[in-house]
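Chain A is the first sequence line, chain B the second, and so forth, proteins listed ahead of strands; every chain is numbered from 1.
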Protein chains: 2
Amino acid sequence: MVRSTNSRRPATLASLAAELGVSRTTVSNAYNRPDQLSPELRKRVLDTARRLGYPGPDPVARSLRTRKAGAVGLLLTENLSYAFRDPAAVGFLEGLALACEDADHGLLLIPANPEHEDVASVHSAGVDGFVVYSVPDDDPHLAAVMERPVPTVICDQPSLPEIDRVGIDDGAAIKDLARHLIELGHRKIGVVCMRLARTRNDGPASPERQSRANFHVQRARLTALSEAFAEVGVDWEQVPVIERFDHTTESGGSAAARLMELDPEITAIICTSDILALGALTEVRRQGRRVPQDITITGFDGIDDAERVELTTVRQPVLEKGRAAGRLLLDASESTGKPREVLLDTQLLTGSTAGSPRSVEERWFGP
Amino acid sequence: MVRSTNSRRPATLASLAAELGVSRTTVSNAYNRPDQLSPELRKRVLDTARRLGYPGPDPVARSLRTRKAGAVGLLLTENLSYAFRDPAAVGFLEGLALACEDADHGLLLIPANPEHEDVASVHSAGVDGFVVYSVPDDDPHLAAVMERPVPTVICDQPSLPEIDRVGIDDGAAIKDLARHLIELGHRKIGVVCMRLARTRNDGPASPERQSRANFHVQRARLTALSEAFAEVGVDWEQVPVIERFDHTTESGGSAAARLMELDPEITAIICTSDILALGALTEVRRQGRRVPQDITITGFDGIDDAERVELTTVRQPVLEKGRAAGRLLLDASESTGKPREVLLDTQLLTGSTAGSPRSVEERWFGP
DNA sequence: TGCGGGAACCGTAACGGTTCAGTAAGTGTG
DNA sequence: CACACTTACTGAACCGTTACGGTTCCCGCA
């Protein structure tokens, strides 16, 4: 493929204009405002461009001048590749991509290694705005985004002053789930949650660590759980909460095992994500316990796999979250002054992994 | 969050320099080459920057000057959001994202609506290179990419002169599968394939349409199938091939139904993707046929769900493909002159959805 | 006292476009 | 025939930065 004909340096708008003996403006207009020049001249410009291997106006130079990049940046908490492993994240991405597509914008995935303090990737992203998805509130990348003078939408993050936000009511959602379990009779429960801070902690999470968690979503869910169970007299201090840094089914499995080891009497394991719950389910069954007869397992998210195994969980509209975030960012009719907030509905999915706990006698002596 | 202190126009490197009474170069150096100025002055620069709300050098302007964007563009054939529905595509994305992450580059998803002829999105992408994934060979977006004077890697596409490429040997891979079926005794088969051209055609695909397909991968697989079965005397003209535009399980199901309607005697349905095969599986069972006793179903890709249902299929290293494409693009040690090519291995996965066809009598009268 | 050499900083010229206020020629109108 | 209006094109300013090749100053050393 021939990319330039006679010069070693690639053709530019200026060289093309020189070749044609017209002004740069005219060449620019040939591409951007066809009505500003005669059809004949325009054709001549375009033909010469082809002959010289001129690929059209340089996007970066254009961006500099027009002050728009035609792209939206996405910052997420995890290694970039992780986003593609978690079905909930993929759903969010899909929704965001849809919104971008509608607005004819690109979607720039920004590498933000959580281990690195290096925020250069945020500084070097040529975008018209950012979507920040579920990043710990003390992440330097988040701070770097906030410094950039472009609109930003946050999702699954605590409110920030003057920043648009989309999310769900995590607390209300998981309270529905908790009340369902309470109605079924569960009082001795265990919890498996995702990472609460940027530092690794695979094991029990003290109430203090829970309430200081940097991941808003996890903190909100745990707090709501404690409140819901407090209503029926459960002392949250006594409820074992196992934290896992990696968000995988393996993590869910090992956490469930740990939980049952810590307190064999628990009748339900509440997981703060479906992925963790699926792992817990597998582990519990591997140990020969039946679900829900011997133990109840619940998740959160409502991913496809969860539905497939009839997990009792909360469905949240992940795709809609992404789409809403994108729309908020790209919608020109903003500038209302006040930051906007979109809260989406969730739905309790009563599957077949939650049931009434059997009494202790039953558990020992069989039904 | 205060974004600029005293001026209405946002601060620039120049205004910062003026405020400080130093040259622009020095301010630039404060950010990019700390060793070029005294620590005290650097601190003064950075402090003043904070005070003025200067967010650091503008990424677009920097890109223009340095001629690098720190991002890789990805062009795919489908609506952007589609990429997130197909597990194989997600795997590819994950691999590519990994490679980008390693090189500290962003990954820009370029909206390329296949319906639109509009290639502006390609022209306005500020990237250092492109990865083109499974785009029909007559897609204008592909042509637009080729005109951009940046390195490009293609994947799951036919070779293009001077362009690096990564892929698998689709023909060899599916021939292995075909021979497996042939050994089992299948001679009357039907095929379900993905779209063969940019124009919608939900129905039978003539041999001519097959050989003229614009999607390289599909064409290669169909051609190889015809060759493999020709070796045992099967007349490909007689083999029904049902094409589906949308790549969904529903498509696979309806295509399988159509196939069985067209020729009730087929003993195997070969699908060119796992997604289609999963749909076919569901449909066939819905009709009360047992797999593999009554009919054999095969797929292609080796996605997780396929493994879960023990589909007989071909596993291809989707993640590795993405990673390889990214590495090829970002690897500085290029300029070898010759275009590079990476061909990855595939593996026949003999699951439980392929078996020996029963004789016609057995089929009519039971075993 | 003269001089080599590094540290610290600076001036200018790109980088490749877009934009806007013109200008000159052509067209229709009363 | 003067006037307004349109069409087709141009010139210069500007977008915000970094690359390149200096200059200045100070210090150590013979």
- Message: Checking B/T25 now: which residues fulfil side-chain contact (heavy atoms from CB on, under 4.5 Å) with it, not counting sequence neighbours?
- Response: B/S23, B/N29
- Specify the residues of residues 55-65 of chain A, ordered by number, for which at least one heavy atom lies under 4.0 angstrom from an atom of DNA chain D. A/L64, A/R65
- Task: Please report, rounded to the nearest Å, how far the C1' atom of D/dA8 is from the CG atom of A/D35.
- Result: 11 Å
- Five-pair end axes of the helix from C/dT1-D/dA30 to C/dG30-D/dC1, angle between them (10°): 40°
- Item | Partners meeting side-chain contact (heavy atoms from CB on, under 4.5 Å) with B/D156 (sequence neighbours left out) | B/Y133, B/S134, B/V217, B/K321
- Message: Which residues pass the salt bridge (charged side-chain N to carboxylate O under 4.0 Å, His left out) test with B/E117, not counting sequence neighbours?
- Response: B/R198
- Message: In this structure, how many angstroms lie between the C1' atom of C/dA8 and the CG atom of B/L20, rounded?
- Response: 15 Å
- Qualifying residues under ring pair (Phe, Tyr, Trp, His ring centres under 6.0 Å), relative to A/F215, sequence neighbours excluded: none
- Message: By the salt bridge (charged side-chain N to carboxylate O under 4.0 Å, His left out) test, which pairs, at least two apart or in different chains, include something from residues 34-46 of chain A?
- Response: A/K43-A/D47
- Message: One thing to verify: whether A/R67 and B/D58 come together as a salt bridge, which I'm taking to mean a side-chain N less than 4.0 angstrom from a carboxylate O.
- Response: yes
- Message: Just the rounded figure in Å: distance from C1' of C/dA8 to NZ of B/K43.
- Response: 19 Å
- Note on the structure: salt bridge (charged side-chain N to carboxylate O under 4.0 Å, His left out) pairs touching residues 126-137 of chain B, sequence neighbours excluded, are B/D137-B/R219
- Just how far, in rounded Å, is P of C/dG16 from CZ of B/R148? 13 Å
- Task: Using a cut-off of strictly less than 4.0 Å, decide whether A/Y54 has a side-chain nitrogen or oxygen near OP1 or OP2 of C/dG17.
- Result: yes
- Under the salt bridge (charged side-chain N to carboxylate O under 4.0 Å, His left out) rule, collect the residues that match up with B/R24, sequence neighbours excluded. none
- Roughly, in whole Å, what's the span from CG in A/L13 to C1' in C/dT19? 13 Å
- Residues at least two apart in sequence or cross-chain that pass salt bridge (charged side-chain N to carboxylate O under 4.0 Å, His left out) with B/D102, listed by chain then number, are none
- Message: For C/dT19 and A/R33 - does any side-chain N or O of the residue sit under 4.0 Å from the phosphate oxygens OP1/OP2?
- Response: yes
- Task: Just jot down the salt bridge (charged side-chain N to carboxylate O under 4.0 Å, His left out) partners of B/R62, sequence neighbours excluded, or say none.
- Result: none
- Query: Parallel under 30°, tilted from 30 to 60°, perpendicular over 60°: which one fits the rings of A/F84 and B/F84?
  - Reply: parallel
- Spacing of B/Y31 atom OH relative to D/dA19 atom P, expressed in whole Å: 16 Å
- Within the pair B/R42 and C/dA8, is there a side-chain N or O less than 4.0 Å away from OP1 or OP2? no
Nucleotide N/O of nucleotides 9-12 of chain D paired with protein N/O under 3.5 Å:
{"unit_1": "D/dC9", "atom_1": "OP2", "unit_2": "A/S38", "atom_2": "N", "d": "2.9"}
{"unit_1": "D/dC9", "atom_1": "OP2", "unit_2": "A/S38", "atom_2": "OG", "d": "3.4"}
{"unit_1": "D/dT10", "atom_1": "OP2", "unit_2": "A/S23", "atom_2": "N", "d": "2.9"}
{"unit_1": "D/dT10", "atom_1": "OP2", "unit_2": "A/S23", "atom_2": "OG", "d": "3.1"}
{"unit_1": "D/dT10", "atom_1": "OP2", "unit_2": "A/T26", "atom_2": "OG1", "d": "2.5"}
{"unit_1": "D/dG11", "atom_1": "O6", "unit_2": "A/T25", "atom_2": "OG1", "d": "2.5"}

- Message: If I take atom CG in residue A/N32 and atom C1' in nucleotide C/dT18, what distance separates them, rounded to the nearest angstrom?
- Response: 8 Å
